[in-house]
> 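Have a look at this one.
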Amino acid sequence: MIVIGGGLAGLSAGVALAEAGWRVRLFEQRPFLGGRATSYVLPDGEHVDNCQHVTLGCCTNLEDFYRRVGSDNKIKFFDRLVFQDPQGRIGIIEAGMLPAPLHMTGSFLTFAPLSTADKASIGRALLDIIRGQGHTADLNEAGGISMLEWLRRRNQTPGAIERFWRVVLVSALDEELDRTDARFGVDVFWKGFLSNRKGYRMGVPSVPLAQLYEGCKSQIERRGGEVNLRMPVRAIYCNQGELTSIELEGQRQEKADAYVFAIPHQALAELLPSAIKEREPQLAQIERINVSPITGVHFWFDREVMKEPFLTLLDTTTQWIFNKTQLYGAGNGSGSEGGQYLQLVISASYDLLQKPRQEIVDLCLAEVHAALPLSREAKLVKSTVIKETAATFSPEPGVDKLRPTQHTGVKGLYLAGDWTATGWPATMEGAVRSGYLAAEALLKDTGTPKSLVQPDLPVETLVQWLG
Ligand SMILES: Cc1cc2nc3c(=O)[nH]c(=O)nc-3n(C[C@H](O)[C@H](O)[C@H](O)COP(=O)(O)OP(=O)(O)OC[C@H]3O[C@@H](n4cnc5c(N)ncnc54)[C@H](O)[C@@H]3O)c2cc1C
């Protein structure tokens, strides 16, 4: 069988199918694996992630995938999330002794950047989610409602919206609240913060992202398969509702019993022959799925300017600062001896897309100076800005109707990708789920069904009782 695309969706499908006994041939157009969650070497020799990626405790399939390919020991989990506002007030979110959903009550009550009125309004809305066990009646409204509308209906204070809901959700979903389907927003809080006390734990890679996929190639090759880099698929051929072959560079044709296309939806929309789109309306509409941007800003300082492993900033353009030097550990990523490498993340960064890179550097540097006093004395040795204009699909109200299942009506054609129907937003977890779902569909069709998708974290007893 053939997998097209070496991102997390293609890799998870490929590894799972190889383990199930298939000879997997994977074709990836770029010279490295990992797709949108990868790292590469800059011309000056520096290893950079295309952008910092984090996982959460509730991402059970991604965790399973890392374990399969021997990378679980390259993810470090943190139980303490630190927030800082422009006045220098610190808020910490961490689990205490109480069971879910009360585990964060202590840190929430002392969270300085929020007022008592903000906290009371947030508490009421969270209770609503708990009572509905991750669901509220208005999520069923035709066409979906936006997260902002959901919050307004629950009388959230401006402080609660800006300093709590927006901070968490724009980072998690890469979209503004008025363009986010409330279903995704509610799900983030249910799975990440309410249903199980482990859900919110933040996993951060301790190596450049590409190193997480080193085990994939050997897993596939060990079972007779191959991983081909720099090999873009240029065309798809079909006959009477069946996918018959694909074409690579130089008009080279490749045939297989089955094909998993694990490429971004925009790329697939260009490759799909019109005969397939006419036959399969579900595939014709994927080009209507919109995308949203993320910008990463990389700063190398000549000295240590930050002690925390990462920090969330409130009321600024910069949303997260990651202390890459500390996260990578000694000898990997500090830039120069004694220096410090920081990576800043700005999700839904529409406002930055047209700005020149130097302007973005100046803006973010001023925010780093304001947040981290030690940086004011430090020299910025170098910087780089990476704009990912199509970072994720936009989780707009109603987007789920446009997302096709991994099983298609075209014989031999299976789909994977964070944008396919997984129930999840565009995340590494969503990509791996899609890969497992595609593999499950293929194995079922070929008479060797196997269950691959991992269950969510269990809903804890007190949470169930409150429902
Ligand atoms: C800047 C940024 C930050 C993010 N942060 C996070 C985060 O913190 N946490 C999180 O969970 N998620 C995050 N995401 C989302 C996450 O990266 C994606 O959801 C996930 O990696 C998507 O995986 P995928 O396999 O579906 O697609 P992709 O990673 O896009 O993989 C598709 C692959 O197909 C290849 N391809 C395309 N066309 C062809 C062709 N014709 N022939 C052969 N190969 C082809 C591409 O080169 C690519 O390797 C972030 C994304 C970005 C861009």
Side-chain angles (χ1 to χ4, degrees), residues 2-14 26-40 48-56 58-59 61-63 65 75 170-174 188 192 202-205 209-210 212-213 216 227-236 246-249 254 259-272 291-297 310 319-320 322 343-349 385-393 395 403 406 415-420 422 424-435 437-438:
I2 287 179
V3 174
I4 300 101
L8 275 159
L11 291 171
S12 53
L26 187 146
F27 295 99
E28 162 57 45
Q29 68 177 5
R30 299 209 282 177
F32 41 80
L33 297 174
R36 275 171 283 154
T38 197
S39 57
Y40 40 79
V48 292
D49 291 347
N50 67 319
C51 187
Q52 177 68 52
H53 275 64
V54 302
T55 177
L56 292 179
C58 58
C59 297
N61 286 274
L62 183 62
E63 191 182 337
F65 170 73
I75 307 291
V170 170
S171 304
L173 300 172
D174 188 26
V188 167
M202 204 164 99
V204 189
L209 287 167
L212 296 173
Y213 316 117
C216 299
V227 173
N228 302 285
L229 302 176
R230 294 192 176 85
M231 286 222 190
V233 169
R234 297 290 189 210
I236 300 175
I246 55 165
E247 186 179 300
L248 300 165
E249 297 275 73
E254 292 289 343
Y259 306 76
V260 175
F261 271 81
I263 63 179
H265 65 281
Q266 313 95 309
L268 184 66
E270 275 179 30
L271 277 182
L272 281 175
V291 292
S292 41
I294 300 179
T295 299
V297 180
F310 49 82
Q319 293 154 358
W320 288 81
F322 289 88
Q343 217 241 274
L344 285 55
V345 182
I346 302 126
S347 296
S349 58
V385 175
I386 301 177
K387 295 182 192 178
E388 293 273 4
T389 49
T392 65
F393 74 80
R403 300 170 74 185
Q406 293 73 26
L415 302 178
D418 58 359
W419 55 276
T420 58
T422 64
W424 274 68
T427 50
M428 298 187 286
E429 167 72 8
V432 171
R433 274 180 188 247
S434 78
L437 285 166

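Values below: all heavy atoms of this structure, side chains included; hydrogens, waters and symmetry mates excluded. Every number for a ligand or one of its atoms is a count from 1 in the order of the listing.
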> Hey, is ligand 1 close enough to Asp418 that some N/O pair sits below 3.5 Å?
yes
> Quick check on contacts: which atoms of ligand 1 are under 4.0 angstrom from a heavy atom of Pro232?
42 (N), 43 (C)
> Check each heavy atom of Cys51 against ligand 1 and say whether those closer than 4.0 Å belong to the side chain, the backbone, both or neither.
side chain
> Quick check: does Glu388 get an N/O under 3.5 Å from an N/O on ligand 1?
no
> Going by heavy atoms, is Gly430 under 4.0 Å from ligand 1?
no
> Using heavy atoms and a threshold below 4.0 Å, how should the contact between Phe27 and ligand 1 be classified: side chain, backbone, both, or neither?
backbone
> Testing His265, Arg403, Arg36, Arg433 for side-chain hydrogen bond (donor to acceptor under 3.5 Å, both in side chains) with Asp418, which one passes?
Arg36
> Considering the heavy atoms of Ile4, write down every atom of ligand 1 situated less than 4.0 Å from one of them.
42 (N), 43 (C)
> For Val54 and ligand 1, does the shortest N/O to N/O distance drop below 3.5 Å?
yes
> Using a strict cut-off of 4.0 Å, indicate which atoms of ligand 1 neighbour a heavy atom of Gly417.
26 (O)
> Restricting to non-hydrogen atoms, name the atom on Ala390 and the atom on Gln266 that form the minimum distance, rounded to 0.1 Å.
CB-NE2, 3.6 Å
> Look at ligand 1 and say whether Ala426 reaches it with a heavy atom at a distance under 4.0 Å.
yes
> For Met428, take its heavy atoms, then give the atoms of ligand 1 lying under 4.0 Å from any of them.
9 (N), 10 (C), 11 (O), 12 (N), 19 (O)
> So which heavy atom on Leu209 is nearest to which on Cys51, and how close?
CD1-O, 3.6 Å
> Using atom types as modelled and distance alone, determine if a side-chain donor or acceptor of Ser347 lies under 3.5 Å from a backbone N or O of Asp174.
no
> Are any of the N/O atoms in Thr392 less than 3.5 Å from those in ligand 1?
no
> Tell me whether Val233 has any N or O atom under 3.5 angstrom from an N or O of ligand 1.
yes
